[in-house]
**Q** 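Here you go, one structure.
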Amino acid sequence: MEKLIITAALTGAVTMPTQTPYLPITPQQLADEAVRAAEAGAASVHIHARNPEDGTPTSNLDVYREIVARIKQRSDVIVCITTGGALGATPEQRIAVVPTFKPELASFNMGSINFAIHPIAERYEDKDYKYPWEKGFILGTKDNVFRNTFADIEYFCQTMKQNGTRPECEAYDVGHIYNIAYLVRGKLLVLPIWMQFVTGVLGGIGSSLEDIMYMKSTSDRLFGSQNYKWSAIGVGYPDEFKAAALAIMMGGHVRVGLEDNIYVKKGKLAKSNAELVEKVVRIAREFERDIATPDEARKILNLKGKDKVGY
Ligand code: KMH
Ligand code: ZN
């Protein structure tokens, strides 16, 4: 089997500082986390930016610049910048990272969904919140549509093409795989596809083994098994590690990170993204699956290289 590409999604735009004190917020913290995750075995890090003052997700390009520049200085890890961005950001704000930084990889969300975390609010009383914005933010996701219309998708796809950025296609449900097939037919995307099965988001498909197998068999049928590579993102605990184990066994790849899950064991918060990566490395070793270095992952994913980014 191909070596395993591990991605660490360091902070995201949905996990709240109240949920875990280990969530990296500032560019310095994000760079430290990226370096440690890479040392633990991550070939790629997925980046969102947050306002260093209070942890609110931000589209501020100066904050992004500081994060990616610090990582580039200290590590060879692949940097995949989000185009999912922050909740409520416009498509123009979300895609701006691509022409600005011309990254090797960028996330590319394959359809609109209800993206919600409001049930999490039941776990907290008002006094528990670290920042005043968090409760309203969590409850507000009940009315949130994560917008990715076909017009947005086409615009994002063209922009990535123009900037030599490889799309990391995020499929939250089976219909999104059909959307990828539509883009392939229209020659907006070319095979082989790099795709993530994002399972367990409230609003998308679940994380049962059957769900993941169905995403895989649908992809095999639509593209042919040689024409795409996939990675599993199980959102929440223990889904993150169940999805990871399945992907390791089936020849897929794995994403973990505090964006998707904050626990390393039942009830035990992960103290860093590296700790989540280390657990995946241990599982992979048990299945005799070798771990890809950043440069090996660049070859597998056919990326342009760290020297060709715009930062
Ligand atoms: N938050 C993840 C479930 C993006 O950044 O574009 C999906 C994600 C999307 O990572
Ligand atoms: Zn993300």
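All values reported here derive from a predicted model rather than from experimental measurement. Just so you know, ligand 1 is whichever comes first in the structure, and atom 1 is the first atom listed for that ligand. Count residues from 1 along the sequence.
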**Q** For ligand 1, is any non-hydrogen atom under 4.0 Å from E168's backbone (N, CA, C, O), its side chain (CB onward), both, or neither?
**A** neither
**Q** For the pair R255 and E240, find out whether any cationic side-chain nitrogen is under 4.0 Å from an anionic carboxylate oxygen.
**A** no
**Q** Please work out, at 4.0 Å between heavy atoms, whether the side chain, the backbone, both, or neither of F108 comes within that distance of ligand 1.
**A** neither
**Q** With atoms numbered from 1 as shown, which atoms in ligand 1 lie under 4.0 angstrom from a non-hydrogen atom of T82?
**A** 4 (C), 5 (O), 6 (O)
**Q** At a 4.0 Å threshold, what atoms of ligand 1 neighbour a non-hydrogen atom of H48?
**A** 5 (O)
**Q** Under 4.0 Å, heavy atoms only, figure out whether ligand 1 is touched by the backbone of V14, its side chain, both or neither.
**A** neither
**Q** Can you confirm, on distance only, whether ligand 1 has an N/O atom lying under 3.5 Å from any N/O atom belonging to D260?
**A** no
**Q** Quick one: does any side-chain atom of T165 pair with a main-chain N or O of E104 as donor and acceptor, under 3.5 Å?
**A** no
**Q** Have a look at I193 and tell me which of L222, N227, V184 forms a side chain to side chain contact (heavy atoms under 4.5 Å, CB included) with it.
**A** V184
**Q** Classify the ring geometry of Y129 against Y124: parallel below 30°, tilted from 30° to 60°, perpendicular beyond 60°.
**A** tilted
**Q** Please write down residue, atom name and distance for the protein heavy atom closest to atom 10 (O) of ligand 1.
**A** E259 OE2, 2.8 Å
**Q** Starting from atom 3 (C) of ligand 1, locate the nearest protein heavy atom and write down its residue, its atom name and how far away it is, to 0.1 Å.
**A** V198 CG1, 3.6 Å
**Q** Can you name the ring-ring contact (aromatic ring centres under 6.0 Å, His included) partners of F150, sequence neighbours left out?
**A** Y182
**Q** Is the ring pair Y172/H176 parallel, tilted or perpendicular, if the boundaries are 30 and 60 degrees?
**A** perpendicular
**Q** Salt-bridged, D32 to R74, with N to O below 4.0 Å?
**A** yes
**Q** Spell out the protein N/O/S atoms under 2.8 Å from the Zn ion (ligand 2) as residue plus atom name.
**A** H46 NE2, H48 NE2, E259 OE2
**Q** Which pairs, with at least one residue in residues 249-278 and sequence neighbours excluded, count as a ring pair (Phe, Tyr, Trp, His ring centres under 6.0 Å)?
**A** W194-H253
**Q** Compute the shortest N/O to N/O distance between E170 and ligand 1 and return yes if it is under 3.5 Å, no if not.
**A** no
**Q** Please, which pairs that meet salt bridge (Lys or Arg N to Asp or Glu O under 4.0 Å) have at least one residue in residues 57-69, sequence neighbours excluded?
**A** D62-R65, E66-R70
**Q** Can you establish whether the number of heavy atoms outside K72 located under 6.0 Å from its atom NZ is more than 12?
**A** yes
**Q** Looking only at distances, can you tell me whether any N or O atom of Y172, backbone or side chain, sits closer than 3.5 Å to an N or O atom of ligand 1?
**A** no
**Q** Thinking salt bridges, do E39 and R36 make one under a 4.0 Å N-O criterion?
**A** no
